[in-house]
Amino acid sequence: MVLAQLGGSITRALQQMSNATIIDEKVLNDCLNEITRALLQSDVQFKLVRDMQTNIKKIVNLDDLAAGHNKRKIIQQAVFNELCQILDPGKPAFTPKKGKTSVVMFVGLQGSGKTTTCTKYAFHHQKKGYKPALVCADTFRAGAFDQLKQNATKAKIPFYGSYTESDPVRIAVEGVERFKKENCDLIIVDTSGRHKQEVALFEEMRQVSEATKPDLVIFVMDSSIGQAAFDQAQAFKQSVPVGAVIVTKMDGHAKGGGALSAVAATKSPVIFIGTGEHMDEFEVFDVKPFVSRLLGMGDWSGFMDKIQEVVPMDQQPELLQKLSEGNFTLRIMYEQFQNILKMGPIGQVFSMLPGFSQELMPKGREKESQTKIKRYMTMMDSMTNEGNLFLKLTTKVITELDSSNPKLMNESRIMRIARGCGRPIRDVMEMLEEYKRLAKIWSKMKGLKIPKKGDMSALSRNMNAQHMSKVLPPQMLKQIGGMGGLQSLMKQMGSSKDMMGMFGGAEK
Ligand SMILES: Nc1nc2c(ncn2[C@@H]2O[C@H](COP(=O)(O)OP(=O)(O)OP(=O)(O)O)[C@@H](O)[C@H]2O)c(=O)[nH]1
């Protein structure tokens with residue numbers, strides 16, 4: 001996944017350095033060399049890496065380190081600042097306004113994912129209430145119009161193009177005019193690509209740009225182009241006024257460091273990344289959370305957003321209430337499993353937690369745990385649900401799924417469940433053991449203060465390190481630096497709403 005290896009290497013270099021008893025110039029240099037190597041291997045341009053190393057050396061004061069301050073944090077902060085600096089050109093990209101016509105032109109080499117990305121970009125804005133439209137000014141590649149037409153039809157986005165007209169400028173102008181009349185507020189022009197940077201391509205791009213006067217030109221770059229990224233991005237910038245970058249195929253094996261180089265070359269921010277072939281495999285790109293995840297520092301706000309995305313708002317207060325009562329039922333476990341499956345790759349979600357790098361969750365393991373979750377859910381489907389009584393207390397009916405007393409799961413019930421789902425008895429027992437383990441963890445949440453509006457971010461605000469340490473997997477807790485590390489982390493976090501508060505000094 002996205003630069004995971006780089007993040008892992010940097011985290012290891014920092015770890016090694018903070019293990020050293022005395023931090024002198026040599027130890028610092030070793031650490032920086034290690035980080036430099038990792039960046040170069042990830043295809044970040046040589047000059048950028050060299051400048052970064054010089055800057056860090058200027059910033060990091062060895063006397064501070066010797067005085068016993070948190071060495072790892074000081075260097076990590078410096079690396080964080082430098083990477084943010086590279087990725088943040090200092091001015092935001094143009095953002096289209098709803099109800100006011102904007103023209104956005106896409107440029108990039110053939111196969112970079114330009115056409116796919118145009119549709120993703122249109123679809124993203126459509127979901128936000130914009131009225132987008134697509135114009136296919138790619139007359140170079142046979143089939144380009146059909147591809148755009150197909151994508152646009154799928155997303156129900158109006159499109160314009162021609163099978164016969166060979167002049168891209170004419171098509172672009174006609175398309176933009178048509179959609180202006182139709183009051184579209186986001187007109188996206190897809191242009192031709194070439195296999196390599198050619199004079200003809202740049203000339204065509206320049207003409208389309210002059211004729212349509214785009215508010216924004218987006219340079220689309222394939223993340224796997226490696227060290228060529230800087231030069232390629234610069235060549236495009238010299239022909240048209242590139243104002244933003246979208247890096248595609250970040251889901252592949254690409255090292256991804258080229259993205260950093262492209263920003264430096266175009267002095268334009270990365271605004272989205274493409275993470276798959278499908279329409280919604282498209283993520284807004286934010287510098288600080290990205291770098292933070294890269295360095296294993298976590299992205300608390302991203303994590304909370306992810307949770308809010310999957311636990312429907314109306315279920316949140318109820319869930320919190322139950323947890324605060326220490327009432328963790330099998331049904332809650334079932335619902336949480338459902339949520340975990342909805343969250344997407346677990347490694348990706350965990351990488352948002354501080355101290356946990358994505359590299360730690362090997363791909364195979366991820367699949368394994370998803371399969372296990374699904375297996376547990378199948379078994380739970382054989383448990384008594386509504387209408388099928390488990391216990392009848394005087395006023396309340398409790399089903400197996402709603403019980404929080406595992407002792408009531410006797411042998412005959414276990415045998416019935418195993419028969420019902422066609423799994424061996426030991427599997428059902430394993431699932432119940434897992435439930436007991438989780439129930440024990442969550443019982444520690446008893447007494448948690450429930451915020452009035454009951455949202456998940458408020459939950460984390462009220463969590464103290466004690467609560468948190470009991471919920472985190474032991475391996476993760478160890479990574480953060482045990483209870484002490486967690487306490488200081490939470491203190492630094494202040495408000496978990498914005499984990500970046502932790503990096504207060506990172507603000508420029
Ligand atoms: N895995 C993955 N594939 C992608 C992504 N973006 C685009 N692709 C694929 O990359 C291939 C090329 O994408 P296109 O959109 O056709 O490329 P293009 O740059 O428009 O090519 P031209 O129109 O010839 O200039 C297609 O197979 C896309 O499905 C991405 O983020 N991840």
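Remember, it's 1-based here, ligands and their atoms both numbered in the order they're listed. Heavy atoms only: backbone and side chains are in, while hydrogens, waters and symmetry mates are out.
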Next item on the list: Measure the spacing between OG of Ser223 and CD1 of Ile273 and express it to the nearest 0.5 Å.
Entry: 9.0 Å

Check: Relative to ligand 1, is Ala144 under 4.0 angstrom through side chain, backbone, both or neither, heavy atoms considered?
Finding: neither

Margin query: Does only the side chain of Glu281 get under 4.0 Å from ligand 1, or the backbone, or both, or neither? Count heavy atoms.
Written below: neither

Checklist line | Proximal candidate to atom 6 (N) of ligand 1 [heavy atom criterion; set Thr248, Leu201, Asp138] | finding: Thr248

Next item on the list: Measure the distances from the heavy atoms of Asp222 to every atom of ligand 1 and state whether one is below 4.0 angstrom.
Entry: no

Check: Got a salt bridge between Lys249 and Glu277, using NZ or NE/NH1/NH2 to carboxylate O under 4.0 Å?
Finding: no

Next item on the list: With sequence neighbours excluded, tell me which residues meet side chain to side chain donor-acceptor pair (under 3.5 Å) with Glu165.
Entry: none

Item checked: Non-hydrogen atom of Gly111 closer than 4.0 Å to ligand 1 -> yes

Note to self: Would Gly276 count as a contact residue for ligand 1, given that I'm defining contact as a non-hydrogen atom of the residue lying under 4.0 Å from a ligand atom?
What the structure shows: yes

Check: What do the steps show when you test Phe106 against Tyr121 for ring-ring contact (aromatic ring centres under 6.0 Å, His included), and what is the final call?
Finding: CA-CA 10 Å; Phe106 276 66; Tyr121 181 81; 5.4 Å; yes

Margin query: Listing request: all ring-ring contact (aromatic ring centres under 6.0 Å, His included) pairs with a residue in residues 206-232, at least two apart in sequence or in separate chains.
Written below: Phe219-Phe236

Next item on the list: Answer yes or no: is there an ion pair linking Glu177 with Lys181, defined by an N-O contact shorter than 4.0 Å?
Entry: no

Next item on the list: Take every heavy atom of Lys120, measure it against each atom of ligand 1, and state whether any distance is under 4.0 Å.
Entry: yes

Checklist line | Atoms in ligand 1 with a heavy atom of Thr275 nearer than 4.0 Å | finding: 31 (O)

Next item on the list: Would you mind running through ligand 1 and noting each atom that sits below 4.0 Å from a heavy atom of Gln147?
Entry: 14 (P), 15 (O), 16 (O)

Check: Under a 4.0 Å heavy-atom limit, does Leu109 contact ligand 1 with its side chain, its backbone, both, or neither?
Finding: backbone

Item checked: Donor-acceptor contact below 3.5 Å, side chain Asp185 vs main chain Lys100 -> no

Checklist line | Nitrogen or oxygen of Thr191 less than 3.5 angstrom from that of ligand 1 | finding: no

Next item on the list: Could you pull out, from Lys249, Met221, Arg141, Lys114, the option with a heavy atom nearest to atom 10 (O) of ligand 1?
Entry: Lys249

Notebook entry, point to check: Should the pair Lys98 and Tyr130 be classed as cation-pi, given the thresholds of under 6.0 Å to the six-membered ring centre and 45° from the axis?
Noted result: yes

Margin query: Tell me whether Asp190 has any N or O atom under 3.5 angstrom from an N or O of ligand 1.
Written below: no

